[in-house]
Structures are given as structure tokens and as C-alpha cells.
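The basis for the numbers below is simple: all heavy atoms, side chains too, and nothing from hydrogens, waters or symmetry mates.
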Amino acid sequence: MCRGLAALSTCLERAKQLKTRLGILLHKPELGHEAESFSSSEQGTKLRNSSEEALEWKKSFDHLLKSKNGVATFHAFLKTEFSEENLEFWLACEEFKKSRSKTKLSSKAHRIFKEFVQNEAPKEVNIDHETREITQKNLTAATTSCFDAAQAKTRTLMEKDSYPRFLKSTSYQDLTEQITSHSTSKRLHT
């Protein structure tokens, strides 16, 4: 496919673009309304009443994570990048921390570990070997904080890597532009 070092850069760039396009096409039916709304004007309509909320997302990653619509929109974006497992793991950990039943705590912890943390997990998150081992040791006496180190690494990865790309994405830029132009035209008509 790619011959020579000179063509490698061009070939890799085309492969990335193809991966993104395929990701959008492959995940669109799976997401249903979510994927369509992420890239259409319906997203602007849906968030019109909470337009300030969508504009808050760019203030900080915490603002995005505190917003139900923000999390859904960010999740749809991550699916296009094939990295939704990071957010899904983070959300699973947040839900896990709310667990009150000591008897169910261990089984929930093992389920999360098998789904996201162990090597070759179906939705394996990108964490270092040391954090993976610490997390596995924490499972012997599962507490609501047994995933804290892995969750923090995953959060940092999203905040430093995926979140800036989300804010620069044409989908988010279009959304904020729609919101801004809508509120400007609304002020002019009143």
C-alpha cells in the first residue's frame, strides 16, 4: 500500500481520515438519535434552552462531565474516534462509587475489571502496567475506591487528549456557532 518513507506520512494521514469516516458510518446506526443529533441542527434545537450549558463545556472538562447533555455529546464524539471505552469506564467507576451493598461491591468490581481493566478486556482502557496491577490487587478487598488510580489515569488521558480535540471538532464548533448565532438573532428580534 505505502511504498517508501516519503509516502508513509501521506498514507498514514489518509488512513486516519478513513478510520474517522468509517467510525462515523459504523457507529451511526448504533447511536441512533445520538449520532444524528451530534452532527445536525437538532443538537442546537435540543440545547437551545440550555445553550449556556453547551458553551460552559469549553470552560473546563469538569463542566462537560457535570452535564448530562455534555457527556452524551462527548460520548458520541469519542465513538467516532474509537475511544469511548475511556468515558464508559470513568462513568462505570462513578456509578460503582455509589454502591452501598458490601455483598455486591466485590462482584461489581470484578465485572468492571473484566470489562475495562484486565489485559485483552473487551473495552480495555489505556493504562500502564503498574496501575493495572495495583487495581487488580485492590480487588482482593474491594472498596469503592479500588479503581481510583485507574480512573484518574483515564480521566487525565481524556482531559489532555480527547477533550481538546472535541472542542476543536467541527461538530462542536458548529454547535456553539448555532447557539451563538441563535442568541444573537433572538436579541435582535426582541
Side-chain angles (χ1 to χ4, degrees), residues 19-20 22-38 43 46-47 50 53-54 56-167 169 171-172:
K19 178 183 172 188
T20 301
L22 284 173
I24 291 168
L25 292 174
L26 287 173
H27 289 296
K28 209 166 192 175
E30 218 176 277
L31 292 171
H33 181 68
E34 226 177 79
E36 292 168 20
S37 66
F38 182 66
Q43 184 73 24
K46 183 178 175 184
L47 294 174
S50 58
E53 175 188 15
E56 292 282 315
W57 302 344
K58 64 181 164 188
K59 288 185 177 179
S60 74
F61 190 54
D62 285 327
H63 279 89
L64 178 73
L65 292 177
K66 289 176 185 174
S67 162
K68 186 177 177 180
N69 290 328
V71 169
T73 305
F74 187 55
H75 188 255
F77 170 76
L78 291 175
K79 280 194 168 206
T80 67
E81 293 201 333
F82 301 99
S83 60
E84 70 272 13
E85 70 280 352
N86 295 319
L87 182 60
E88 290 173 7
F89 172 66
W90 188 87
L91 291 169
C93 290
E94 288 299 296
E95 192 61 35
F96 176 75
K97 290 176 185 178
K98 296 174 187 174
S99 299
R100 297 293 167 231
S101 170
K102 297 256 187 214
T103 56
K104 292 182 181 179
L105 203 62
S106 180
S107 64
K108 284 181 180 180
H110 281 86
R111 182 188 54 77
I112 292 170
F113 185 83
K114 286 179 183 176
E115 187 175 356
F116 296 103
V117 181
Q118 79 179 12
N119 285 325
E120 305 297 321
K123 296 180 179 182
E124 185 178 353
V125 291
N126 186 12
I127 55 173
D128 58 273
H129 179 70
E130 185 180 327
T131 305
R132 195 177 313 280
E133 282 188 359
I134 289 168
T135 305
Q136 188 168 14
K137 286 178 186 173
N138 289 344
L139 294 181
T140 57
T143 65
T144 54
S145 62
C146 66
F147 292 107
D148 284 357
Q151 185 184 20
K153 297 261 182 182
T154 304
R155 186 192 190 286
T156 300
L157 180 67
M158 288 189 297
E159 184 174 16
K160 303 291 183 210
D161 189 40
S162 304
Y163 174 63
R165 282 196 313 276
F166 167 71
L167 294 178
S169 72
S171 299
Y172 182 70

Enquirer: Report, as yes or no, whether the 6.0 Å neighbourhood of atom NZ on K104 holds more than 12 heavy atoms from other residues, nucleotides or ligands.
Expert: no
Enquirer: Closest heavy-atom contact between E84 and K79?
Expert: OE1-CA, 3.5 Å
Enquirer: With the side chain counted from C-beta on, respond yes when V117 and T131 share a heavy-atom pair under 4.5 Å apart, and no when they do not.
Expert: no
Enquirer: Please check: side-chain N/O of T73 versus main-chain N/O of G70, any donor-acceptor pairing under 3.5 Å?
Expert: no
Enquirer: How many angstroms lie between CZ in R132 and CZ in F113, if you round to the nearest 0.5 Å?
Expert: 7.5 Å
Enquirer: Let me confirm one number: the NZ-SG distance from K97 to C146, rounded to the nearest 0.5 Å.
Expert: 10.0 Å
Enquirer: If we count only N and O atoms by modelled type, under 3.5 Å, do the side chains of T143 and S145 hold a donor and an acceptor together?
Expert: yes
Enquirer: Residues in ring-ring contact (aromatic ring centres under 6.0 Å, His included) with F96, at least two apart?
Expert: F147
Enquirer: Measuring from K123:NZ to S83:OG, what's the distance to the nearest 0.5 Å?
Expert: 13.0 Å
Enquirer: Is there a donor-acceptor contact under 3.5 Å linking the side chains of Q151 and E94?
Expert: yes
Enquirer: As an exercise, state the distance from CG of N86 to NE2 of H75, rounded to the nearest 0.5 Å.
Expert: 10.0 Å
Enquirer: Locate the shortest heavy-atom distance separating W90 from M158; write the atom from each residue and the value.
Expert: CB-CE, 3.9 Å
Enquirer: Tell me every residue that passes side chain to side chain contact (heavy atoms under 4.5 Å, CB included) with S67, counting only those two or more places apart in sequence or in another chain.
Expert: E53, W57, N69
Enquirer: Could you grab the distance from atom CZ of R100 to atom CG of L105, nearest 0.5 Å is fine?
Expert: 9.5 Å
Enquirer: Does E133 have more than 12 heavy atoms from other residues, nucleotides or ligands lying within 6.0 Å of its CD?
Expert: yes
Enquirer: Of the non-hydrogen atoms in A109 and L139, which two are nearest, and what is the gap between them?
Expert: CB-CD2, 3.6 Å
Enquirer: Please determine whether side chain to side chain donor-acceptor pair (under 3.5 Å) holds for the pair S171 and S169, giving the CA-CA distance in whole Å, both sets of side-chain angles, and the decisive distance to 0.1 Å.
Expert: CA-CA 5 Å; S171 299; S169 72; 4.9 Å; no
Enquirer: Would a distance-only check, ignoring hydrogens and angles, find a side-chain to backbone donor-acceptor pair under 3.5 Å from H110 to S106?
Expert: yes
Enquirer: Using side-chain contact (heavy atoms from CB on, under 4.5 Å), reason through I127 and L157 one step at a time and then give a plain yes or no.
Expert: CA-CA 9 Å; I127 55 173; L157 180 67; over 6 Å; no
Enquirer: Look at the rings of F74 and F166 and say which category their plane angle falls in: under 30° parallel, 30 to 60° tilted, over 60° perpendicular.
Expert: perpendicular
Enquirer: Between E124 (side chain) and N119 (backbone), is there a donor-acceptor pair under 3.5 Å?
Expert: no
Enquirer: For a quick test of reading the model, state the closest non-hydrogen atom pair linking A54 to Y172 and the distance between them.
Expert: O-OH, 2.7 Å
Enquirer: Of all the heavy-atom pairs spanning T144 and D148, show the shortest one and how long it is.
Expert: O-OD1, 4.2 Å
Enquirer: May I ask you to decide if H63's main-chain N or O and S60's side chain share a donor-acceptor pair within less than 3.5 Å?
Expert: yes
Enquirer: What are the two closest heavy atoms between T135 and A150, and how far apart are they?
Expert: OG1-CB, 3.7 Å
Enquirer: Working to the nearest 0.5 Å, report the span between SG of C93 and CZ of R155.
Expert: 12.5 Å
